[in-house]
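One structure below.
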2 protein chains.
Amino acid sequence: MFQLSKKIEYALIAIKHMAYGRRGQLFTTKEISDKYQLPYDLLAKLMQKLSKHRIIESYQGVNGGYILSRNPVELKVSEIIYAIEGKPSVTIVQCESETPENCSIHTTCTIKNPLVKLQSNINKVIDELTVMEMF
Amino acid sequence: MFQLSKKIEYALIAIKHMAYGRRGQLFTTKEISDKYQLPYDLLAKLMQKLSKHRIIESYQGVNGGYILSRNPVELKVSEIIYAIEGKPSVTIVQCESETPENCSIHTTCTIKNPLVKLQSNINKVIDELTVMEMF
DNA sequence: TATAAGTACGACTAACTAAGTCCGATTTCA
DNA sequence: TGAAATCGGACTTAGTTAGTCGTACTTATA
Ligand code: SF4
Ligand code: SF4
């Protein structure tokens with residue numbers, strides 16, 4: 001319950017690692033997966049997703065790699081979660097998230113509204129956390 | 001991600017329903033499962049768990065049923081989650097929760113501490129929510 | 001005392017998701 | 001041209017969630 005996926009954890013570790021680098025420094029997937037013992041193939045795809053969402057920038061070919069393209073002070077953890085999972089970080093109810101009416105008891109449900117409120121409260125907490133604050 | 005299980009939602013609906021009752025009123029599992037279109041067998045087991053954790057009180061036999069044994073003003077949603085799931089509501093990292101060292105990258109992980117802090121922040125938000133506040 | 005209405009409890013299955021793997025393609029430097 | 005890197009889809013495995021089933025126990029009451 002409320003557990004972060006491994007993908008998110010790996011992505012965060014990678015991002016944090018890159019945040020340490022000096023300006024313009026490239027990091028390869030192999031380098032990071034070796035250092036933190038992360039499964040290479042899995043991390044590789046995470047990097048691609050982060051790249052697609054412009055959180056990191058990719059350079060192909062020999063001597064290629066990735067570079068953090070955002071300022072750690074402004075980069076929110078919630079953005080990373082969204083990039084990897086493809087949906088907002090906090091979606092504690094199944095109804096309001098994604099498609100609206102995918103719950104069979106939608107009409108008789110009495111707890112939706114309070115939970116949506118809870119959801120937005122939790123959201124605030126997560127939206128406060130930036131990569132910088134993970135140091 | 002961060003999604004409540006159906007079990008929790010069903011339990012909350014049932015608890016909320018019982019909170020409406022007058023003092024001493026019994027509710028049967030069938031009554032509740034009918035009204036909110038919840039799977040009877042599943043709800044039945046949830047009620048048993050809630051009963052074991054003294055959140056509701058059970059009366060067997062004909063004319064039996066359940067009664068809310070806690071004051072809605074004091075009953076926290078987090079307690080209900082714990083009763084159903086058997087673990088604290090918020091365990092965003094896999095390491096500190098349950099068994100401490102069940103993560104293969106535990107030694108090289110750089111994000112554990114910040115996430116534990118985040119965890120306690122989210123915990124605060126959830127611990128604030130009582131059944132009464134779901135009305 | 002038999003029956004019906006209820007809870008108690010464990011085992012089982014199906015569906016879904018998370019985690020990890022594999023393979024081939026593309027890009028680019030030297 | 002070959003090595004080192006990103007790119008991207010298909011696949012497999014493991015684990016979790018949701019739901020079902022069968023049976024035993026409890027109790028009021030006809
Ligand atoms: S309608 Fe109620 S039960 Fe269904 S997903 Fe929304 S909150 Fe959960
Ligand atoms: S050690 Fe790091 S990666 Fe492993 S569970 Fe804890 S926070 Fe997650």
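The chains referred to below are lettered A, B, ... by the order of the sequence lines, with proteins before strands, and numbering in each begins at 1.
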- Side chain A:Lys16, main chain B:Thr110, donor-acceptor under 3.5 Å: yes
- Task: Output yes when a side-chain donor or acceptor of B:Lys49 lies under 3.5 Å from a complementary backbone atom of B:Ala83, and no otherwise.
- Result: no
- Answer yes or no: is there a donor N or O on one side and an acceptor on the other, between the side chain of B:Gln119 and the main chain of B:Ile92, under 3.5 Å? yes
- Task: Could you give me the CA-CA distance, side-chain angles and deciding distance for A:Ile126 and B:Asn121, then say whether side-chain contact (heavy atoms from CB on, under 4.5 Å) is met?
- Result: CA-CA 9 Å; A:Ile126 295 189; B:Asn121 288 340; over 6 Å; no
- Task: Just call it for B:Lys52: base, sugar-phosphate, or nothing, with non-hydrogen atoms closer than 4.0 Å on any strand.
- Result: sugar-phosphate
- Integer-rounded Å distance: C:dT13 P and B:Leu42 CG: 18 Å
- Query: What's the CG-C1' distance between A:Leu4 and C:dT17, to the nearest Å?
  - Reply: 16 Å
- Phosphate-side-chain proximity, B:Ser58 and C:dA8, N/O vs OP1/OP2 below 4.0 Å: yes
- Message: C:dG6, OP1 or OP2 - any side-chain N/O from B:Tyr40 closer than 4.0 Å?
- Response: no
- Note on the structure: note: B:Gln94, atom CD; D:dG15, atom P; distance rounded to Å ~ 12 Å
- Query: What does nucleotides 21-30 of chain D look like as a protein-contact string, B for base, S for sugar-phosphate only, - for none, at under 4.0 angstrom between heavy atoms?
  - Reply: B----BBBS-
- Whole angstrom is fine here: how far is it from CD in A:Gln48 over to P in C:dA25? 16 Å
- Item | Atom-pair distance (CE on A:Met47; P on C:dG20), nearest Å | 17 Å
- Query: What's the CD-P distance between A:Glu85 and C:dA18, to the nearest Å?
  - Reply: 6 Å
- Query: Does the side chain of A:Thr29 get closer than 4.0 angstrom to OP1 or OP2 of D:dT6 through an N or O atom?
  - Reply: yes
- Are A:Leu26 and A:Tyr59 side-chain neighbours, meaning at least one heavy-atom pair lies under 4.5 Å? yes
- Walk me through it: do A:Thr108 and B:Lys35 pass the test side-chain contact (heavy atoms from CB on, under 4.5 Å)? CA-CA 8 Å; A:Thr108 53; B:Lys35 173 148 189 177; over 6 Å; no
- Message: Measure CD1/B:Ile67 against P/C:dT7 and give the value in whole Å, please.
- Response: 13 Å
- Message: Taking the side chain as everything from C-beta on, heavy atoms only, tell me whether A:Val93 gets closer than 4.5 Å to B:Glu9.
- Response: yes
- Message: Does anything in residues 6-28 of chain B come within less than 4.0 Å of DNA chain C? Heavy atoms only, and list the residues if so.
- Response: B:Thr28
- Message: Just the rounded figure in Å: distance from P of C:dT27 to CD of A:Glu57.
- Response: 17 Å
